[in-house]
Amino acid sequence: MDSASPASKGVTAALAASVVALRLEDVPEPARRAASLALLDWYAVTMAGAGIEPVPMLTGDAQAEATAPRARLVGQCGAVSPSLAALVNGTAGHVLDYDDVHNAVPGHVTINIAPALLALGEDIGATGAEVLTAFIAGFEMMCKLGLGFAGSLFQQGWQGTTLGAIAAAAACSRLLRLDETQTQMAMALAVAQAGGVHGNYGSMTKSLNVGLAAQAGLRAAVWASKGITGRTEIIERGKGFIETFGGRFDTAAAHVPAAGGWHLYRNLFKVHASCFLTHAALMAWDELNSRQALPLPAIAEVRVRIEAERHRIVLTDPPKDGLEAKFNLPFCLAMAMHGVDTSDPFNFDVKTTARADLQATAARVVVDIDPDLWFEAAEVTVTLTDGQVFKAYGDAGKPVADMDALSRSVENKALRLFGLPKAEGNALIRRFRDLIDLPEITDLHPDECLLPKRSVSQ
């Protein structure tokens with residue numbers, strides 16, 4: 001193996017080398033646990049999203065093409081080809097917009113990588129430890145890429161799937177035990193398929209883009225293993241990824257050591273089934289409401305103070321359906337103010353968006369722009385009809401430091417989303433706790449097709 005330091009290599013080569021070099025024995029137990037929780041969270045939101053369009057549409061197409069059913073569809077009964085499983089499971093895992101986020105990107109990391117690894121792992125008979133190792137390698141690499149771009153791709157309007165396809169390709173390359181050059185080839189092949197833009201947020205296409213990124217990464221690694229070539233140094237070379245996608249890349253920032261040594265420690269697990277950029281305001285409202293009863297008739301005004309650049313994706317026209325509602329901050333806040341549980345993804349539907357009372361409350365929410373406020377934060381100010389003013393500040397960017405508390409939170413969320421009898425749900429959670437010891441990743445799935453079909457008109 002090339003022993004040159006990351007600083008002496010090109011961007012692509014250094015990232016590929018970091019993926020190839022990672023060994024599970026070098027990953028501390030808390031980081032392994034954080035990785036397992038990320039995979040559990042993904043699996044749970046995927047099960048819950050399996051019956052929501054466009055997933056059933058994709059499932060029908062996948063089953064029609066399923067000439068090699070070697071990978072399970074999460075939350076459904078049946079198997080399809082690994083490539084199609086990555087597509088369907090990736091879409092299902094993001095359709096609720098309830099999966100974890102990492103602000104190094106900024107955006108979703110797990111959802112791009114996990115569906116590709118699970119499908120490929122089932123196909124090649126990988127162990128739980130092998131999949132976990134590949135996942136950690138891909139997760140860490142995607143965060144490095146995100147830090148290098150420092151939000152410039154987001155500002156251009158690119159979805160995180162642009163980086164996700166590359167990370168999925170690198171992770172699948174690790175699972176296939178490709179060398180550094182082959183991993184670079186896989187990354188180049190993923191760049192050829194990368195895409196996704198913010199303009200599609202609030203529609204089925206946002207989650208479909210994630211499925212496409214997972215599928216692209218899996219295909220890219222398999223193609224590279226068969227000898228299909230791309231250009232080395234595809235990220236930094238002329239007319240490569242950085243230049244073509246219009247980003248700016250800081251190589252030094254990409255290699256700054258993560259706090260505690262692992263980016264996994266700053267992974268954020270959602271507690272609301274809406275865009276992450278609505279969460280700080282929802283946290284602030286919860287804080288206000290816990291301090292003092294705030295009956296709606298007594299509220300004269302609600303103001304939300306946020307920054308503008310990243311929050312533009314949640315300052316949208318009044319929503320017409322559940323998908324649009326997830327990307328409308330005033331409407332999400334109105335739901336919370338009326339006691340609608342925003343942690344329940346099935347509350348985001350056409351029935352909810354049609355409610356005149358929610359529409360009226362959302363229309364009364366005033367948004368104030370503060371360019372100096374950090375994008376993970378929001379301040380909510382409530383003025384009552386008697387002149388009293390109450391304020392609260394929410395910061396959605398703080399990860400839970402207590403690993404035991406985080407585990408309880410993620411596992412409880414998973415149990416709610418699984419929709420399984422309690423015994424079966426707990427058995428599935430134990431498989432994720434013991435992921436490192438699974439002799440085959442296929443053993444992760446429930447033994448029988450016990451999964452209830454869910455559907456909702458979003």
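All residue numbers in this chain count up from 1 along the given sequence. Worth saying up front: this structure is predicted, and the values here are computed from it rather than measured.
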- request: Begin with the C-alpha distance, continue with both residues' side-chain angles, and end with the deciding distance and a verdict on salt bridge (Lys or Arg N to Asp or Glu O under 4.0 Å) for Glu130 and Arg174.
  value: CA-CA 9 Å; Glu130 289 168 337; Arg174 180 66 180 80; over 6 Å; no
If you measure from the Lys or Arg side-chain nitrogens to the Asp or Glu carboxylate oxygens, is any gap between [X] and [Y] under 4.0 Å?
| X | Y | value |
| --- | --- | --- |
| Arg312 | Glu309 | yes |
| Arg237 | Glu243 | no |
| Lys413 | Asp100 | no |

- prompt: Is it the case that more than 12 heavy atoms not belonging to Arg231 sit under 6.0 Å from its CZ atom?
  reply: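 12 or below, so no.
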query: In this structure, are over 12 heavy atoms from other groups packed under 6.0 Å from Arg266 atom CZ?
result: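 No, because the 6.0 Å sphere around CZ of Arg266 holds 12 heavy atoms or fewer from other groups.
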- prompt: Does NZ or CZ of Lys144 come closer than 6.0 Å to the centre of the six-membered ring of Phe139, within 45° of the ring's axis?
  reply: no
Ring-face cation contact, Phe149 with Arg248, 6.0 Å cut, 45° max: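 No - Arg248 does not lie over the ring of Phe149 by the 6.0 Å and 45° rule.
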Have [X] and [Y] got a donor and an acceptor in their side chains that come within less than 3.5 Å?
| X | Y | answer |
| --- | --- | --- |
| Asp341 | Ser343 | yes |
| Asn209 | Thr161 | no |
| Glu236 | Thr12 | yes |
| Arg33 | Ser407 | yes |
| Glu376 | Trp374 | yes |

If you compare all heavy atoms of [X] against all heavy atoms of [Y], which two are closest, and at what distance to 0.1 Å?
| X | Y | result |
| --- | --- | --- |
| Gly151 | Arg310 | CA-NH2, 3.8 Å |
| Thr342 | Leu282 | OG1-CD1, 4.2 Å |
| Val400 | Ala405 | CG1-CB, 4.3 Å |
| Thr110 | Pro115 | O-CD, 4.0 Å |
| Ala71 | Pro82 | CB-CA, 4.0 Å |
| Asp286 | His272 | OD2-CE1, 3.9 Å |

message: List the residues meeting ring pair (Phe, Tyr, Trp, His ring centres under 6.0 Å) with His263, not counting sequence neighbours, and say none if there are none.
response: none
field: For His338, all residues meeting ring pair (Phe, Tyr, Trp, His ring centres under 6.0 Å), sequence neighbours excluded
entry: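 Expected list: none.
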Judged by atom type as modelled, is there a donor-acceptor pair below 3.5 Å linking the side chain of [X] to the main-chain atoms of [Y]?
| X | Y | result |
| --- | --- | --- |
| Asp250 | Ala253 | yes |
| Arg32 | Val27 | yes |
| Glu122 | Arg72 | yes |
| Asn103 | Pro106 | no |
| Gln156 | Gly246 | yes |
| Gln159 | Lys206 | yes |
| Thr244 | Gly240 | yes |
| Thr361 | Asp357 | yes |
| Glu180 | Ala17 | no |
| Lys326 | Ala273 | yes |

Side-chain contact test, heavy atoms from C-beta onward, threshold under 4.5 Å: evaluate it for [X] versus [Y] and give yes or no.
| X | Y | result |
| --- | --- | --- |
| Val19 | Ser173 | no |
| Phe348 | Leu96 | no |
| Val20 | Asp179 | no |
| Leu420 | Met47 | yes |
| Val101 | Asn267 | no |

task: Please check if the distance between the ring centroids of His198 and Phe154 is under 6.0 Å.
output: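 So the answer is yes for these two rings.
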- prompt: Tyr265 and His102: aromatic ring centres closer than 6.0 Å?
  reply: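 Between His102 and Tyr265, which both carry aromatic rings, the centre distance is not below 6.0 Å.
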How far does [atom1] of [X] sit from [atom2] of [Y], to the nearest 0.5 angstrom?
| X | Y | atom1 | atom2 | result |
| --- | --- | --- | --- | --- |
| Asp321 | Asp349 | CG | CG | 10.0 Å |
| Leu178 | Met185 | CG | CE | 11.0 Å |
| Glu140 | Leu22 | CD | CG | 8.0 Å |
| Ile235 | Ile242 | CD1 | CD1 | 7.0 Å |
| Phe327 | Ser203 | CZ | OG | 9.0 Å |
| Leu37 | Ser409 | CG | OG | 9.5 Å |

Of Asn112, Leu163, Leu147, the residue whose pairing with Val105 passes side chain to side chain contact (heavy atoms under 4.5 Å, CB included):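 The passing option is Leu163.
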- request: Step by step, work out the salt bridge (Lys or Arg N to Asp or Glu O under 4.0 Å) result for Lys270 and Asp97.
  value: CA-CA 9 Å; Lys270 285 190 173 186; Asp97 221 298; 2.6 Å; yes
query: Parallel, tilted or perpendicular: which describes the rings of Phe241 and Phe245, with under 30° parallel and over 60° perpendicular?
result: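 Ring orientation of Phe241 relative to Phe245: parallel.
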- prompt: What class does the angle between the rings of Phe418 and Tyr43 fall in, given that below 30° is parallel, 30 to 60° is tilted and above 60° is perpendicular?
  reply: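 Ring orientation of Phe418 relative to Tyr43: perpendicular.
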